[in-house]
There are 2 protein chains.
Amino acid sequence: MATQPVSDVVINRLPLYLRMLTFLQREGKTITSSQELSERLDFSSAQIRKDLSYFGEFGKQGTGYNIEYLQKQLRQILHVDHDWEVVLVGAGDLGRALVHYQGFAPQGFKLVAIFDNAPQKIGMTVGDLVVQTMTELPRVVRSKNVRIAILAVPEEVAQQVADELIELGIRAILCYASITLSVPSDVKVHYIDPVAGMQSMMYYL
Amino acid sequence: MATQPVSDVVINRLPLYLRMLTFLQREGKTITSSQELSERLDFSSAQIRKDLSYFGEFGKQGTGYNIEYLQKQLRQILHVDHDWEVVLVGAGDLGRALVHYQGFAPQGFKLVAIFDNAPQKIGMTVGDLVVQTMTELPRVVRSKNVRIAILAVPEEVAQQVADELIELGIRAILCYASITLSVPSDVKVHYIDPVAGMQSMMYYL
DNA sequence: TAGATTGTTAATCGATTAACAATC
DNA sequence: TAGATTGTTAATCGATTAACAATC
């Protein structure tokens with residue numbers, strides 16, 4: 001185990017390990033190995049062992065990894081061993097689909113509010129949330145001390161909304177706008193860009 | 001210019017260059033430089049020049065790059081200089097939001113059909129498409145010779161649907177299911193996984 | 001014990017960057 | 001011309017992998 005800073009590419013693989021463990025568990029397995037994970041995830045087994053070894057010794061020689069134990073450890077490492085509250089900005093088709101998306105809650109991400117500034121959207125019910133005006137944003141974020149936001153607004157206003165969110169204390173942004181945001185170094189942004197994904201696949205076609 | 005195979009990480013940056021060029025163009029610029037792109041994209045200028053140099057010499061010493069010309073070249077390299085037809089499988093909240101998504105069409109990705117196998121969804125109008133049964137999938141894909149699919153189905157059926165798509169000739173899959181698909185090496189898959197993105201950001205929080 | 005698999009080291013491989021000649 | 005910026009080389013940096021002692 002090392003206490004050196006661990007690279008971003010390693011951190012980005014941890015959620016995939018976690019996901020695969022849940023998968024194997026659902027298949028009835030209680031123990032796995034770097035070899036098995038390797039085959040299922042298409043990473044080398046050496047890479048998987050090395051990635052895990054940055055954080056501790058989670059396996060047993062000759063046996064492998066206890067799935068439940070490793071899951072628990074990975075959740076702690078990623079800080080997803082407890083719930084996080086999330087605000088969502090943008091109540092267009094995408095924003096509303098994200099409220100209905102069933103994938104966040106089981107992983108501990110609770111959408112607590114949705115905002116928009118189009119008058120005709122304010123007051124609209126989406127799932128079990130009600131669309132609020134952007135002027136309510138500071139109150140909600142501050143009172144609940146929310147650190148995470150999902151940005152589902154048009155790219156023209158994305159930077160401006162991001163600035164406001166950061167000002168209010170948001171430190172992680174899942175950005176659905178097709179734009180590279182400029183943010184301070186202590187703010188993390190993860191981009192979801194289906195078009196860029198499509199375009200890079202076209203190269204090989 | 002080299003004709004060696006170009007790495008995946010380079011290819012993945014090309015759409016970001018393309019996007020930024022469009023952005024700069026909208027700001028009224030006609031010429032840019034690796035330096036300017038560097039500042040706006042947070043890559044080093046050397047990296048940008050090197051990435052582009054794999055494909056040709058697109059700039060002028062002392063001047064920089066003509067935005068329109070570079071855009072055109074990048075589109076050719078990525079094979080996005082013409083339209084592509086795309087089929088969408090899954091007419092849940094996500095699938096329907098993707099039909100309404102305004103980002104695909106301007107980049108030449110035309111959604112030509114949407115499929116689902118839930119009887120209550122068949123015949124439903126979504127945007128200007130009508131949800132068809134999965135049994136129609138082979139006919140549509142084959143007659144239009146579609147090569148690209150978006151997979152917006154639950155993870156339990158994602159692998160099975162992917163297998164069917166590949167069998168029909170699909171060669172690029174944009175996968176919204178939280179699962180690592182196993183596919184032949186000549187099929188490209190790009191994953192969109194907001195939860196994994198969230199989780200890796202949590203590490204830094 | 002024999003077999004299996006970890007954690008880790010050192011070697012390899014690949015990607016990024018610094019620097020600069022070429023040249024617009 | 002003088003100033004600026006490309007395209008490219010060589011050096012550096014970082015990530016992946018092969019291999020194996022340790023050990024369950």
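Here is the naming used below: chain letters follow the sequence lines, and residue numbers restart at 1 for every chain. The model shown is predicted, which means the values in this text are computed figures rather than measured ones.
When the nearest nucleotides of DNA chain D are assigned to Thr63(A) and Arg13(A) by heavy-atom distance, the more 5′-ward of the two goes with Arg13(A). Of the two residues contacting DNA chain D, namely Val9(A) and Phe58(B), the nearest-nucleotide position lying further toward the 5' end is that of Phe58(B).
Ranking dG7(D), dT8(C), dT6(C) by closeness to the Glu57(B) side chain, first place goes to dG7(D).
For the segment residues 39-52 of chain B, residues with any heavy atom less than 4.0 angstrom from an atom of DNA chain D are, sorted by number, Arg49(B), Lys50(B).
To the nearest angstrom, C1' of dA4(D) lies 17 Å from CG of Asn66(B). One can place CG of Asp8(B) at 16 Å from C1' of dC13(C), the figure rounded to the nearest angstrom. The CD1 atom of Ile67(A) sits 12 Å away from the P atom of dT6(C) (whole-angstrom rounding). For the pair Tyr65(B) OH and dA4(D) P, the computed distance is 17 Å after rounding to whole Å. One atom, OH of Tyr54(B), and another, P of dG14(C), lie 12 Å apart when rounded to the nearest Å. Between Gln61(A) atom CD and dT23(D) atom P the separation is 7 Å, expressed in whole Å. Summarising the geometry, the separation between CD on Glu36(A) and P on dT5(C) is reported as 10 Å, rounded to the nearest angstrom. What separates CD1 of Ile31(A) from C1' of dT6(C) is a distance of 13 Å, to the nearest Å.
Note that the CH2 atom of Trp84(A) and the CG atom of Leu111(A) stand 15.0 Å from one another [nearest 0.5 Å].
When all heavy atoms are compared, the tightest approach of Val131(A) to Phe115(A) is CG1-C, 4.3 Å. Counting all heavy atoms, side chain and backbone alike, Val99(B) lies closest to Leu88(B) at CG2-CD2, 3.5 Å.
The strand DNA chain C forms stems, runs of 3 or more Watson-Crick or G-U wobble pairs with distances below 3.5 Å, at C:3-24 with D:3-24.
Checked by atom type, the side-chain pair Gln160(B)/Glu164(B) shows no donor-acceptor distance below 3.5 Å.
At most 12 heavy atoms of other shown residues, nucleotides or ligands fall within 6.0 angstrom of atom CD in Glu68(B). No more than 12 heavy atoms of other residues, nucleotides or ligands shown are found within 6.0 angstrom of CG on Asp42(B). More than 12 heavy-atom neighbours from other residues, nucleotides or ligands sit within 6.0 angstrom of CG on Asp81(B).
Residues Glu155(A) and Arg19(B) are not paired through a salt bridge, judged by the lack of any N-O separation under 4.0 Å between the basic side chain and the carboxylate.
At the phosphate of dT6(C), OP1 or OP2 sits under 4.0 Å from a side-chain N or O atom of Ser34(A).
Aromatic ring orientation, Tyr203(B) versus His79(A): parallel (interplanar angle below 30°, classes split at 30° and 60°).
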